[in-house]
Amino acid sequence: MLAGLVAALAAGAFGCSKGPAAANGDKSAAAAGNDGKKSLQVEIIRPGSNLPTPDKDVIKQEMDKALGASYNMTVYASLDDYKNQLNVRLTAGNYPDLFLVDRQMLSQYVKQNLVLDLDKYKDKLKPALDFIGDAAKNGMIDGKLYAISHTQQKPMQSYFIRKDWLDLLGLKPPANLEELKAVAKAFTEKDPDGNGKQDTIGITGSKLETFQPIFGAFNIAMPGSFVVKDGKVTNSLFDPAMKDALSYIQGLIQDKVVDPELLGNTGMQHQQKAIMGQAGIIYIDWANLTKEQIMEQIKTVNPKAEWIPLTPPAGPGGQWNGTWDIGTSPYIFSIPKALEKNPDKLQKVFDLINYVADQQTGGLLVQYGVKGKHYNMEGDKIVPTELMGKEVGYSWLYQFTGRPEIKYLQSKFASQAPYIDFYNKQPRIEALNGFVTLPEGFNKTDVDRYVEEEFAKFIYGKRSLQEYDSFANTLKTTMNYQAYLDAAQKQLKQMGYGN
């Protein structure tokens, strides 16, 4: 939730600042176009980086020509700075024409009557809404549409495993929880790198995310996730199977087959351990293990190293490769309510949203650049040129409605296409947290920290699993979690989830 800023700050704090990245274009209401006529100026602000100046921004130039307006973007490298600047501007009545929000920001601005109710404009936004599909729910508050959502994106993380280590030890890729533990133990104890030392780790990753497929094997979403189970909205923290999953993870740790620094790994430390040949199983996304520059680093350490994606292990709850929060969108964008007073400019904003959603025109521009320069077509296949990466690497900043994710990734990363296809086909438990607006008085940051700390105690044996119910009760009684549960039940039922 954004902090409230006083009007005195708002009056002058933003006026001459363009943030960490320069704004594209003139801030005046209208400017002369190439034909000497006045063109409408549309201002967009968002977090981001690497936006070129207008004279080098080919995406802006093509967009302006196609839509007959000047679309000027300002980006902020710091998310906190962006939120503060946006709040200052909205408080002062100095509204940008299109701006990025998250769900809590959106809920606040709806209450303050600052954002446009898009329900009555759905006909004007039909091309974009058709493209976005079910992801449109991400921009809804209390059943009404107040923001345009990015298309849904599946998670792209999974276990990868060292196939050359498996071959050396005469093992097959583990297919279930029992085999996973056995392979991790062998990788830890049987010198899979052949250096005569016991200096390898079975499993590494970053924090509790490492155990996503293990929670999935018990048909449990990540801790704190709301899911529909047996027709009812439930929270994974209160699912009886959670204790079983924690018991299994505790067993891995007791067997010393898990990276002892797992909960302390920050950034890409787990990736570096994989690159350096210190671990045999890693939970990671395809991009951070299979891109050419990373594979070169791996081969430099050991030319025989071979990482392959691992199908999630089967368990008593099935076979799920972790959790996918379908209520969370990478980006959602709102329009100020005040823009209703300027219907011509409002229409230009609608034109922009529909244009970038059109996969025959603007959608291709904001994904790949200019046809014939940054990419070519071979039938339905996008073929990038060398200039794509050099000149339009920033184009994602203009992807307000998203993109056909798999086609986009496989076009840009042809060598990694098999990995992308593998990740896309993995079954995942669908969570609904992103749809839930937090109730007043509920501090999710404090709650998440408490859950993480207590889960660490459980899996490392510092707190008995017999005390799990006491932990759950503490959440409800002293951390206001019951209010969160009640709010989620009510809001998700309104959206058609659960009985």
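Note: hydrogens, waters and symmetry copies are ignored here, and every other heavy atom, side chains too, is used. Worth saying up front: this structure is predicted, and the values here are computed from it rather than measured.
The shortest non-hydrogen separation linking Ala128 to Ile353 is CB-CG2, 3.6 Å. Here the shortest heavy-atom pairing between Leu177 and Gly315 reads CD1-CA, 4.0 Å. A pairwise comparison of heavy atoms in Ser411 and Ile382 identifies OG-CB, 3.6 Å as the closest pair. Of all the heavy atoms in Ile45 and Glu43, the pair that sits closest is CG2-OE2, 3.8 Å. What you find for Glu340 and Leu346 is that their closest heavy atoms are CA-CD2, 4.3 Å. Heavy atoms only, all atoms of each residue included: Ser149 and Ile132 are closest at O-CD1, 3.2 Å.
Side chains of Asp259 and Gln278 form no contact here, defined as non-hydrogen atoms less than 4.5 Å apart. In this structure, the side chains of Val392 and Tyr375 stay at 4.5 Å or more apart for every pair of heavy atoms. Counting heavy atoms from C-beta outward, Leu246 and Phe211 have side chains that stay 4.5 Å or more apart. Ile459 places a side-chain heavy atom less than 4.5 Å from the side chain of Leu208. Side chains of Ile161 and Phe187 form a contact here, defined as non-hydrogen atoms less than 4.5 Å apart. Residues Ile429 and Asn219 have side chains in contact (heavy-atom distance under 4.5 Å, counting atoms from C-beta outward). At a threshold of 4.5 Å between non-hydrogen side-chain atoms, the residues Gln108 and Val101 do not count as touching.
Between Tyr159 and Tyr283, the ring-plane angle classifies as perpendicular under the 30° and 60° cut-offs.
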Criterion salt bridge (charged side-chain N to carboxylate O under 4.0 Å, His left out) on Arg162 and Asp164, from CA distance to verdict: CA-CA 5 Å; Arg162 282 286 294 266; Asp164 56 310; 2.7 Å; yes
Trace of the side-chain hydrogen bond (donor to acceptor under 3.5 Å, both in side chains) decision for Glu209 with Gln212: CA-CA 5 Å; Glu209 289 284 320; Gln212 284 245 33; 2.8 Å; yes
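Put simply, the side chain of Asn84 gets close to the backbone of Asp80: a donor and an acceptor are under 3.5 Å apart. No donor-acceptor pair closer than 3.5 Å links the side chain of Ser329 to the backbone N or O of Asn138. Asp119 places no side-chain N or O within donor-acceptor distance of the main-chain N or O of Lys144, the cut-off being under 3.5 Å. No donor-acceptor distance shorter than 3.5 angstrom exists from the side chain of Lys337 to the backbone of Asp117, with no hydrogens or angles considered. Looking at Thr300, its side chain does come within 3.5 Å of a backbone N or O of Glu296 through a donor-acceptor pair.
Between the side chains of Gln41 and Asn72, a donor-acceptor pair is found at a separation under 3.5 Å. Side-chain contact annotation: Tyr423 with Asn321, donor-acceptor N/O pair under 3.5 Å absent. At a cut-off of 3.5 Å, with distance as the only test, a side-chain donor of Asp55 or Thr53 sits close to an acceptor on the other residue. A donor atom on one side chain and an acceptor atom on the other are not found under 3.5 Å apart for Asp81 and Ser78. For the 3.5 Å distance criterion, the side chains of Lys60 and Ser70 qualify, holding a donor opposite an acceptor. Side-chain N/O atoms of Ser158 and Gln426 include no donor and acceptor closer than 3.5 Å. Side-chain contact, Asp351 with Gln347: a donor N or O sits under 3.5 Å from an acceptor N or O. Checked by atom type, the side-chain pair Gln494/Gln491 shows no donor-acceptor distance below 3.5 Å.
Rounding to the nearest 0.5 Å gives a distance of 6.5 Å between CD of Glu405 and NE2 of His150. Atom OH of residue Tyr355 and atom CG of residue Leu365 lie 5.0 Å apart, to the nearest 0.5 angstrom. In this structure, Leu145 CG and Asp142 CG are separated by 12.5 Å, a value rounded to the nearest 0.5 Å. Taken from CG in Leu339 to NZ in Lys348, the straight-line distance is 13.0 Å, to the nearest 0.5 Å. Note that the OH atom of Tyr331 and the OG1 atom of Thr401 stand 13.0 Å from one another [nearest 0.5 Å]. The structure places CD of Gln157 at 9.0 Å from CD1 of Ile284, a figure rounded to the nearest 0.5 Å.
A distance of 6.0 Å or more separates the ring centres of Phe422 and Tyr419. The aromatic ring centres of Phe160 and Trp307 sit 6.0 Å or more apart. Between Phe226 and Tyr484, the ring center distance clears the sub-6.0 Å criterion. Aromatic rings of Phe435 and Tyr497 (six-membered ring for Trp) have centroids within the 6.0 Å cut-off, being under it.
Within a 6.0 Å sphere centred on CD of Gln360, heavy atoms belonging to other residues, nucleotides or ligands number 12 at most. Heavy atoms of other residues, nucleotides or ligands lying less than 6.0 angstrom from NZ of Lys444 number 12 at most. Atom NZ of Lys412 has more than 12 heavy atoms from other residues, nucleotides or ligands within 6.0 Å. Within a 6.0 Å radius of NZ in Lys299, more than 12 heavy atoms belonging to other residues, nucleotides or ligands are found. Within 6.0 Å of the CE atom in Met276, the count of heavy atoms belonging to other residues, nucleotides or ligands does not exceed 12. For Asp123, the CG atom sits in a packed shell: over 12 heavy atoms of surrounding residues, nucleotides or ligands are nearer than 6.0 Å.
With respect to Arg428 and Glu430, no salt bridge is recorded, no charged nitrogen being found less than 4.0 Å from a carboxylate O. Ionic pairing of Asp446 and Arg449 is present here: one or more N-O contacts between side-chain nitrogen and carboxylate oxygen are shorter than 4.0 angstrom. The pair Asp102-Lys83 meets the salt-bridge criterion, with a side-chain N (NZ, NE, NH1 or NH2) lying under 4.0 Å from an Asp/Glu carboxylate O.
Within the cation-pi definition used here (under 6.0 Å to the ring centroid, within 45° of the axis), Lys207 does not qualify as a partner of Phe455.
With sequence neighbours excluded, the residues that form a side-chain hydrogen bond (donor to acceptor under 3.5 Å, both in side chains) with Lys229 are Asp239.
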